[in-house]
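First up is the structure itself, then whatever we jot down about it.
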Amino acid sequence: MAITNLNMFLQDYFKAHHCKTPLNKEGVLSVQLTEEMDRVLMNRPFYWHYIKKIGQQGEPKQLTLITNPDKREINGEWIHFGSPRLQQIINHLKQNEKHTRLFQQMNTSQNTPLYPWLVTNIKISYKGKQKKDELISIGLHLVNGAMKLEMMNLLEPIQLQTTISDYCYTISPIIKLKSGFRRIESVIDNYIENQSHSWAEDSINTLDNEIQMLKHFYVGDTDEEKEQMEKEINEITERFEPRITYEVINGGIFYLTRDF
Amino acid sequence: MMKSIQIVKDTAFIDQLHTVMEKNGQYSSWDLFSMAYQAELTTMTPEFNGLRALEYLPHVDFLEHQVNCAEQVIETMNGRAILADEVGLGKTIEAGLILKEYMIRGLVKKALILVPASLVNQWAKELNEKFYIPAVPHRKNYAWEQGDIIISSIDTAKRSPHRENILDIEYDFILIDEAHKLKNHKTKNYEFVRALKKKYCLLLTATPVQNRLIEIFNLVSILKPGHLGNYDSFLEQYGKDRKKIKQDIYLKQLIQKVMVRNTRQNTDMNNTKRRIETVYIDFTKEEQEVYNEIDSMTEALSTFSKITYLREICSSREACYLSLKKIENNEAKEEIQSLLAKIEQLPHHIKADKVIELIKNIGDEKVIIFTEYRATQLYLQWYLQQHGISSVPFRGGFKRGKKDWMKQLFENHAQVLIATEAGGEGINLQFCSYMINYDLPWNPMRLEQRIGRIHRYGQEKDVHIYNLAIRNTIEEHIMKLLYEKINLFEQVIGHLDDILAELNIPDIESEIKNIFNESSSTGEAKIKLNNLSSIIKYTNDHSVSGEQQYGHN
């Protein structure tokens with residue numbers, strides 16, 4: 001599900017934010033921003049402040065984003081994974097799209113129950129001498145406690161919307177949100193405990209070696225030297241000590257049919 | 001194993017979700033929710049190794065040695081290293097790449113970049129434009145805690161109250177450019193740098209060892225105290241007898257663990273060439289007479305200062321006149337005053353005429369002229385102007401803003417930039433490909449620094465270098481016996497440090513001065529100088545195979 005087609009991704013993003021795209025051809029995408037998106041992306045708070053103050057509507061800008069490197073000469077911004085513009089858009093997404101509640105769309109005339117799932121996308125970061133991340137998507141059935149991995153992939157083919165369809169009704173969760181989350185966490189705990197962690201071992205060895213070296217370096221025993229050594233031990237520890245972090249990227253409640 | 005791994009969980013998310021649900025607040029649509037997930041999947045780093053930064057910087061053409069360097073520093077040196085590429089191979093690029101990688105991986109947020117004052121703006125420009133790293137130069141009244149990535153000069157940073165503020169901050173990343181200035185552990189700068197709180201640290205220098213091996217010990221001790229033992233044990237082992245090759249090989253291996261050094265020879269930077277030409281000039285009859293008179297004054301001038309005056313008269317009347325004026329009132333008053341009178345009578349300096357001729361032949365191209373003397377600098381500026389050639393001066397002592405301004409004037413308006421030695425470091429002038437060395441420094445490393453200003457990463461043309469020397473003077477001896485004999489321009493320069501260390505010559509400049517001082521005749525000095533270059537040449541030809549003495553291949 002990683003982004004492979006940046007042009008498509010941007011098109012979806014602006015569509016979801018109700019911006020029109022007057023031109024989209026050969027990797028050149030023109031976007032007419034809304035006021036809201038102009039405020040988000042164009043970094044001109046004074047303009048908006050001023051224009052509102054004098055009681056005017058204001059004119060949101062147009063943006064031309066070029067994903068095709070061969071078209072770079074065209075008037076517009078070349079956008080790629082390192083460009084500040086994409087970073088800005090990605091940060092905007094990460095900050096704002098954290099929570100959701102969605103219903104499976106049904107086209108039915110029969111009464112249909114929808115079951116609650118807690119879905120969380122959790123990034124696990126392993127940091128020793130180096131760092132790597134892993135993203136895990138887990139769903140938990142809040143009635144019967146069933147758990148599914150790769151939840152985002154399973155949801156992909158389903159139509160989901162923010163309102164409930166006609167003739168559908170929701171089943172109340174039996175498992176509470178917080179204890180549901182704890183169950184998910186303990187699955188991850190388990191997953192981590194069962195890994196070998198040679199990276200952590202490696203980091204600890206390096207840490208020990210460097211501290212030994214450091215102790216060899218300081219021969220004097222003045223307070224100044226001790227303080228300096230203490231400072232350096234802290235730095236090395238901070239740099240090498242193995243650490244695993246869980247960070248929930250986003251999540252929410254999904255109401256889905258019995259065998260969605 | 002698990003016990004020694006610290007685990008940090010996310011406690012905030014579920015409470016937030018709970019609150020949002022209770023308030024029936026803002027829910028994301030499926031499209032946006034899924035896009036945030038995709039974005040995370042795309043921007044996270046799934047592997048411990050490799051450079052993700054390369055995908056983020058598709059607009060930069062990195063050279064192979066620069067990518068290798070960044071990888072090596074991150075993966076095997078764990079982010080603390082000396083970057084010691086020869087001048088002009090792109091240390092800035094390597095450092096930028098490393099910083100970018102750490103930022104992408106979320107390992108660096110707060111960084112302090114300490115560079116010479118004249119380079120602050122250049123660094124800011126490069127990091128922002130090339131690497132999209134939002135680095136800002138430090139300005140007056142700007143709080144150090146506020147900015148995430150700040151560039152400053154070490155002289156500003158170490159002064160109160162900045163010093164105290166900076167030392168309170170825990171930096172993720174510290175970079176120090178021109179780090180050879182930290183070679184002495186007794187200086188304020190060194191003490192300041194040792195006191196900084198840091199995780200990752202890069203020291204950039206083209207000349208990690210200028211004179212004594214203890215210098216490298218001091219640099220390494222900033223990164224990895226104890227890596228080369230402690231001060232006493234190091235001095236004992238390597239301080240006196242550096243010729244013990246066995247120990248040296250071991251030392252080299254240790255140093256290679258914290259230092260990357262690329263040379264022109266082992267990189268693909270060879271594509272633009274250096275075209276070096278020595279231009280010999282004859283003094284006019286009057287000038288030669290003055291030169292000879294100074295040379296034969298044994299009573300009035302000490303041998304030590306005599307060399308200075310001889311070098312000065314080879315540069316300009318003004319340079320020599322001004323320093324003689326200072327001793328006008330000593331015992332040999334009459335002799336000196338008569339000399340001063342003769343200097344006053346001299347017509348234009350023959351070298352300045354040669355410079356005009358060279359520039360006219362070069363045509364419309366930009367030219368940089370280096371001289372050792374400020375008086376010469378002023379004189380040349382005036383003299384060029386008389387001949388309708390526009391020039392700007394450049395000195396180490398200029399403030400940061402003035403340096404930037406001069407560089408800009410040179411790039412956009414003036415044809416010539418006249419720099420003194422101290423201005424040699426800290427300006428990059430890839431847009432210029434002609435250099436005139438109006439007078440030669442006696443330390444060849446300084447000449448290399450000069451050439452590095454134009455022959456560097458980003459230079460697209462061959463560079464032309466003209467070295468001026470006046471026949472039958474001290475300049476000709478130095479040129480013939482030092483530079484030309486050992487083929488310094490083309491070959492030896494990269495190894496000179498190592499050779500001098502092996503020969504136990506701490507400072508080549510004072511070595512040469514001593515030769516002139518201690519010789520009773522020019523003939524004797526020439527023989528001694530000849531001997532010196534012979535032994536340098538010999539050592540170079542017979543030095544341990546493998547072109548690199550230190551650093552990694």
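Proteins come first, then strands; the chains are lettered A, B, ... in the order of their sequence lines, and each starts at number 1.
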Original post:
Does any heavy atom of chain A fall under 4.5 Å from the side chain of B:Glu40, the backbone, both, or neither of them?
Top reply: both

Original post:
With respect to chain A, which residue among B:Leu57, B:Asn78, B:Ile7 yields the maximal number of heavy-atom pairs within a distance under 4.5 Å?
Top reply: B:Asn78

Original post:
Just by modelled atom types, is the B:Lys224 backbone N or O under 3.5 Å from a matching donor or acceptor in the A:Glu210 side chain?
Top reply: no

Subject >> Which of A:Glu201, A:Lys129, A:Arg101, A:Lys127 touches chain B most, by non-hydrogen pairs under 4.5 Å >> reply: A:Arg101

Original post:
Which one, B:Gln16, B:Lys198, B:His18, B:His59, leads in non-hydrogen pairs under 4.5 Å with chain A?
Top reply: B:Lys198

Subject >> Structural part of B:Arg80 lying under 4.5 Å from a heavy atom of chain A >> reply: both

**OP:** Examine A:Lys132 relative to A:Tyr126 and say whether NZ or CZ is less than 6.0 Å from the centre of the six-membered ring and inside a 45° cone about the ring axis.
**Re:** yes

Subject >> Contacting region of B:Asn49 [heavy-atom separation from chain A under 4.5 Å] >> reply: side chain

Original post:
Under a 4.5 Å cut-off applied to non-hydrogen side-chain atoms, are B:Tyr132 and B:Lys100 in contact?
Top reply: yes

Original post:
By a 4.5 Å heavy-atom criterion (distance strictly below it), what part of B:Asn128 contacts chain A: side chain, backbone, both, or neither?
Top reply: neither

Subject >> Top of B:Tyr56, B:Phe131, B:Tyr37, B:Phe48 for chain A proximity - count of heavy-atom pairs under 4.5 angstrom >> reply: B:Phe48

Original post:
Are side-chain N/O atoms of A:Glu224 and A:Gln228 paired as donor and acceptor at under 3.5 Å?
Top reply: no

Original post:
Between B:Glu55, B:Gln26, B:Met21, B:Arg52, which shows the greatest number of heavy-atom pairs under 4.5 Å with chain A?
Top reply: B:Met21

**OP:** Classify the angle between the aromatic ring planes of B:His185 and B:Tyr231 as parallel (below 30°), tilted (30 to 60°) or perpendicular (above 60°).
**Re:** tilted

Subject >> Heavy-atom proximity to chain A below 4.5 Å, by part of B:Ile133 >> reply: neither

Original post:
Between A:Pro84, A:Gly180, A:Ala16, A:Ala200, which shows the greatest number of heavy-atom pairs under 4.5 Å with chain B?
Top reply: A:Pro84

Subject >> Residue A:Asn209 versus chain B: region with a heavy atom under 4.5 Å >> reply: neither

Subject >> chain B interface, residue from A:His80, A:His92, A:His216 that has the most non-hydrogen pairs under 4.5 Å >> reply: A:His80

Original post:
Any idea how A:Phe103 and A:Tyr255 line up, ring-wise: parallel (<30°), tilted (30 to 60°), or perpendicular (>60°)?
Top reply: parallel

**OP:** Identify which part of B:Ile104 has an atom lying under 4.5 Å from any heavy atom of chain A, answering side chain, backbone, both or neither.
**Re:** neither

Original post:
Above 12 or not: heavy atoms from other molecules or residues under 6.0 Å from CD of A:Glu227?
Top reply: no

Original post:
Do the side-chain N and O atoms of B:Lys130 and B:Thr92 include a donor-acceptor pair separated by under 3.5 angstrom?
Top reply: no

Subject >> Residue, of A:Leu102, A:Thr162, A:Leu86, that accumulates the most heavy atom pairs under 4.5 Å with chain B >> reply: A:Leu102

Subject >> Partner chain A: residue of B:Ser29, B:Gly25, B:Ala36, B:Gly79 with the largest heavy-atom pair count (under 4.5 Å) >> reply: B:Ala36

Original post:
A:Phe217 and B:His227: aromatic ring centres closer than 6.0 Å?
Top reply: no

